[in-house]
Amino acid sequence: MNPKPNIVNLPVYKPGKPIEEVKKELGLDEVIKLASNENPYGASPSAKAAIIADLDNLFLYPDGSAADLTAALASHLGVQSDNIIFGCGSDEIIALIARAFFLPGDETIMADQTFSVYKSNADIESAVTIEVPLVDGTHDLDGMLARVTERTKVIWICNPNNPTGTIVPEEALVKFLNAVPAGVMVVLDEAYFEYVTDPSYSDGIRLLDQYPNLVVLRTFSKIYGLAALRIGYGVASPQIINLINKVREPFNTSRLAQAGALAALADQDYVEECRRLNSEGIVQLEGEFKRLGLKSFPAHGNFIMVDVRKPATEVFDALLRLGIIVRAGHRLYPTCIRVTVGSAEQNKSFITALEQTLKEQEVRA
Ligand SMILES: *Cc1c(COP(=O)(O)O)cnc(C)c1O
């Protein structure tokens, strides 16, 4: 059998290790997963109730257009329903954009250490990825502009950037958007939008009117705590949404996902509370890193990238043996781990384990 040649050498995505697998492998009773930026407080209780209420309807196909959820989200965001498309996670929206827009040889620009799904989908469609180095862990918007050519189709800005957690301030973003040629799409991935409290941060939705080439991505997987349901969305001009809709599978989001998201969206008090607790968690972790003499990137989402000044994969393994799952193996930051901001108690357990790990490694060195 002959696959597309461009996918032969593609790596299979390696997710954060599941809790159950780590428990079994290492014989641990308690494992704390701070590897996939999940909400440590779970979803709003009303989301669970809405899902249970819909369980009698499992035999029915979902509404392929997610009309009720689309209307509620449009009202929440202050846009029209035809500005929105839902996906099986915002991951799917990324794949659909690549599917709808890339021809082999088209160029696409992204940071050299950012969310891996942009590049994997560009690879699948035989587009050429241009990686622009981050500067201090932050997108170099001028550097990205300098790489625009006639072949450029899409520029990806992850804001906050995963894995570094940094943001581009609104002023720089607007200057960048003003300079990008109108025919080049800019995808602004705001998966962590609801967590950001920094006043210099922009709301991508508010920029859509001015920039018809802009697409904003958000998700119910992060602050809404519904990662298991796989539901995220894109917001853009009706023209772009219509094009992406042409390559979408008819029933790409499930009934339960739509029901859960609708209820979660209505519970903004819960979102507010999660944001507040996350901000406290960042202060807690940054304080501990300072005490331990470790440098971290300015964190704006629900995760922090910290330099442990040792091979991160070794620190990862040592933490795993203590029942803490984090993320390591970032190509350009081999001594950094990315840790999700957990509950105060989880953060404390992580810091205790990290301190022990770093001490042990010092003794052995
Ligand atoms: C988690 C994440 C997403 C996608 O999450 P979904 O679960 O597919 O909605 C998208 N972009 C970034 C940067 C993320 O970290």
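Both ligands and their constituent atoms are indexed starting at 1 by order of listing. Heavy atoms only: backbone and side chains are in, while hydrogens, waters and symmetry mates are out. Throughout, residue positions are numbered sequentially from 1 according to the sequence presented. Keep in mind the model is a prediction, meaning the values are calculated, not measured.
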Completion exercise
Pocket residues around ligand 1 (non-hydrogen, under 4.0 Å) come out as G89, S90, D91, F115, C158, N162, D189, A191, Y192, T219, S221, K222, R230
Practice task
Please step through side chain to side chain contact (heavy atoms under 4.5 Å, CB included) for the pair W156 and V117, ending with a clear verdict.
Solution key: CA-CA 11 Å; W156 309 86; V117 177; over 6 Å; no
Handout entry: Under-4.0 Å salt bridge between R99 and E249
Key = yes
Handout entry: Charged N-O contact under 4.0 Å between D112 and R331
Key = no
Practice task
Compute whether any side-chain donor of one residue and acceptor of the other, for N278 and R275, lie under 3.5 angstrom apart.
Solution key: no
Problem - salt bridge (charged side-chain N to carboxylate O under 4.0 Å, His left out) against E107, all qualifying residues, sequence neighbours excluded - result: none
Exercise for the section: For E273, look at atom CD and say whether over 12 heavy atoms of other residues, nucleotides or ligands are found less than 6.0 Å away. Expected result: yes
